[in-house]
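Presented below is the structure to which this report refers.
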Amino acid sequence: MPACDRIFWSRSNSFRFLSSSPSSYYLHAMRKLIIAIDGPSGVGKGTVARAIAAELGYRHVDSGAMYRAVGWKALQLGVGLDQEDTLSGLATDSTIEISATLVAIDGTDITRAIRTPEIDKAAAAVARLPNVRAILVGRQRRLGLDGGIVMEGRDIGTVVFPQADLKLYLDASVEERARRRASDSAHSGPVALAEVATALKERDQSDSTRAASPLYAAADAVVIDTTGTPVADVVAQVMAMVRKLLMAD
Ligand code: DC
């Protein structure tokens with residue numbers, strides 16, 4: 001992949017290539033859709049979701065940050081990652097804020113602290129627990145009550161919003177996902193590609209084989225393989241789908 005495309009797939013540069021076309025103003029005024037974006041770790045869901053949300057003036061929600069927040073708090077409190085009752089109590093009682101620039105739990109800014117290999121593992125562990133999922137899914141659904149939302153995760157099109165207006169499932173080769181993850185400045189950890197790829201494969205395995213809401217593409221999702229595709233092209237493809245949907249109303 002050329003260096004310039006690699007830059008575009010990184011979180012911090014995600015809007016650079018976008019310009020508001022005049023049609024954006026009309027799109028903002030139309031029906032408020034629910035757009036679900038699922039896919040494996042490191043595929044660039046966040047970059048695409050943020051760009052689409054910015055184009056449409058919608059809220060972007062990274063549902064994975066909620067699992068990370070619960071995993072972070074569990075480690076802080078020394079709660080075992082298999083203690084389902086305690087963890088679901090913790091998920092119920094905690095205040096979790098997610099905005100475009102901030103993730104906070106009980107008022108503590110954990111935006112950077114949750115992007116570490118340790119929290120990758122803790123989040124994957126708590127995400128296996130059905131009672132924790134039920135609580136976080138409830139919160140996610142409430143965020144989507146009025147539409148106008150782009151939510152990314154693993155089960156958004158299958159469980160959280162099975163009625164979503166548009167479901168996307170992004171995929172890419174593990175090598176490409178490892179390159180994107182290693183160049184993601186928001187995520188700390190190893191930069192050796194082989195090590196990043198191994199960790200991604202472990203998480204893919206955990207996320208797609210767990211009993212509770214495993215990762216898979218909804219039957220009515222549009223599957224996009226982004227391997228070798230610049231993010232601007234993926235965003236343009238998705239925006240074409242959104243326009244078609246809105247114009248059909
Ligand atoms: O997208 P992410 O890597 O930040 O997600 C962190 C973990 O949470 C990951 O193991 C997948 C899991 N997750 C999930 O099970 N369901 C979601 N809707 C979002 C994330």
Side-chain angles (χ1 to χ4, degrees), residues 9 11 14 34-50 60-75 81-82 84 87-88 91 96 98 100 102-103 105 110-144 149-162 164 167-172 174 177-178 180-182 184 186-189 196-218 221 226:
W9 274 110
R11 246 166 236 276
S14 52
I34 293 181
I35 301 177
I37 306 188
D38 291 303
S41 303
V43 77
K45 298 183 295 288
T47 305
V48 173
R50 253 186 298 278
H60 161 234
V61 177
D62 169 8
S63 66
M66 294 187 181
Y67 292 94
R68 288 175 180 274
V70 173
W72 180 88
K73 189 164 170 184
L75 294 188
L81 296 172
D82 54 353
E84 185 159 11
L87 290 169
S88 44
I96 302 176
I98 311 238
L102 176 88
V103 181
I105 188 160
I110 53 168
T111 314
R112 285 199 72 80
I114 57 169
R115 307 284 168 194
T116 65
E118 193 187 19
I119 303 297
D120 288 349
K121 289 201 181 106
V126 301
R128 299 181 75 84
L129 306 173
N131 293 337
V132 173
R133 297 198 71 84
I135 288 150
L136 297 185
V137 166
R139 288 184 179 210
Q140 291 152 14
R141 286 189 179 142
R142 283 194 288 281
L143 292 174
I149 192 164
V150 183
M151 191 175 288
E152 51 160 306
R154 303 295 188 291
D155 61 342
I156 308 304
T158 51
V159 175
V160 180
F161 298 128
K167 299 180 187 178
L168 304 167
Y169 185 93
L170 302 187
D171 211 348
V174 73
R177 291 190 284 122
R180 289 177 191 163
R181 173 51 53 88
D184 183 350
H187 210 282
S188 68
V196 180
T198 304
L200 284 181
K201 280 187 211 157
E202 277 169 20
R203 279 219 290 152
D204 287 353
Q205 173 75 6
S206 172
D207 291 340
S208 47
T209 60
R210 67 180 177 224
S213 309
L215 168 69
Y216 68 95
T226 68

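Ligands are counted one by one from 1 in listed order, and the atoms in each one are counted from 1 as well. None of these values were measured; they are calculated from a predicted model.
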Item to check | Nearest-neighbour protein heavy atom for atom 18 (N) of ligand 1, which is reported as residue plus atom name and distance | outcome: Asp155 OD1, 2.8 Å
Checklist entry - What heavy-atom pair brings Ala127 and Arg133 nearest, and what distance separates the two atoms? => result O-NH1, 2.7 Å
Checklist entry - Is it true that Arg177 and Asp204 make a salt bridge, defined as a side-chain N closer than 4.0 Å to a carboxylate O? => result yes
Checklist entry - Counting each atom of ligand 1 from 1 as listed, which ones have a heavy atom of Ala124 under 4.0 Å away? => result 10 (O)
Checklist entry - If you measure every N/O of Lys45 against every N/O of ligand 1, is any gap under 3.5 Å? => result no
Checklist entry - Does ligand 1 have an atom under 4.0 Å from some heavy atom of Glu152? => result no
Item to check | Greater than 12 external heavy atoms within 6.0 Å of Arg112's CZ | outcome: no
Item to check | Residue-ligand contact Arg133/ligand 1, heavy atom below 4.0 Å | outcome: yes
Item to check | For the student: nearest non-hydrogen atoms of Gly39 and Arg154, plus distance | outcome: O-CD, 3.3 Å
Checklist entry - Is Arg128 paired with Asp207 through a side-chain N to carboxylate O contact shorter than 4.0 Å? => result no
Item to check | Shortest non-hydrogen contact from Ala172 toward Arg180 | outcome: CB-NH1, 3.8 Å
Item to check | Thr116 and Arg68: side chain donor to acceptor below 3.5 Å | outcome: no
Item to check | Tyr67, any N or O under 3.5 Å of ligand 1 N or O | outcome: no
Checklist entry - How far apart are the closest heavy atoms of Ile149 and Leu143, and which atoms are they? => result CD1-O, 3.5 Å
Checklist entry - What protein heavy atom sits nearest atom 12 (C) of ligand 1, and how far away is it? => result Ala127 CB, 3.7 Å
Next on the checklist: Would Ser63 count as a polar contact of ligand 1, with the cut-off being nitrogen or oxygen pairs under 3.5 Å?
Outcome noted: yes
Checklist entry - What protein heavy atom sits nearest atom 9 (C) of ligand 1, and how far off is it? => result Arg203 NH1, 3.4 Å
Item to check | Salt bridge flag under 4.0 Å for residues Arg115 and Asp184 | outcome: no
Checklist entry - So which heavy atom on Val43 is nearest to which on Asp171, and how close? => result CG2-C, 3.4 Å
Checklist entry - Any nitrogen or oxygen of Asp62, main chain or side chain, under 3.5 Å from a nitrogen or oxygen of ligand 1? => result no
Item to check | Protein heavy atom at shortest distance from atom 7 (C) of ligand 1 | outcome: Ala123 CB, 3.8 Å
Item to check | atom 4 (O) of ligand 1 - nearest protein heavy atom and its distance | outcome: Arg68 NE, 2.6 Å
Next on the checklist: Show the atoms of ligand 1 that are less than 4.0 angstrom away from any heavy atom in Asp207.
Outcome noted: 9 (C), 10 (O), 11 (C)
Item to check | Shortest heavy-atom approach to atom 2 (P) of ligand 1 - which of Glu202, Met66, His187, Arg154 | outcome: Arg154
Checklist entry - Purely on distance, is any nitrogen or oxygen of Gln140 under 3.5 Å from one on ligand 1? => result no
Checklist entry - Of the non-hydrogen atoms in Asp155 and Asp38, which two are nearest, and what is the gap between them? => result N-OD1, 3.1 Å
Next on the checklist: Below 4.0 Å, non-hydrogen atoms only: which portion of Arg181 touches ligand 1? Side chain, backbone, both or neither.
Outcome noted: neither
Next on the checklist: Starting from atom 20 (C) of ligand 1, what is the nearest protein heavy atom, named by residue and atom, and what distance separates them?
Outcome noted: Gly64 CA, 3.5 Å
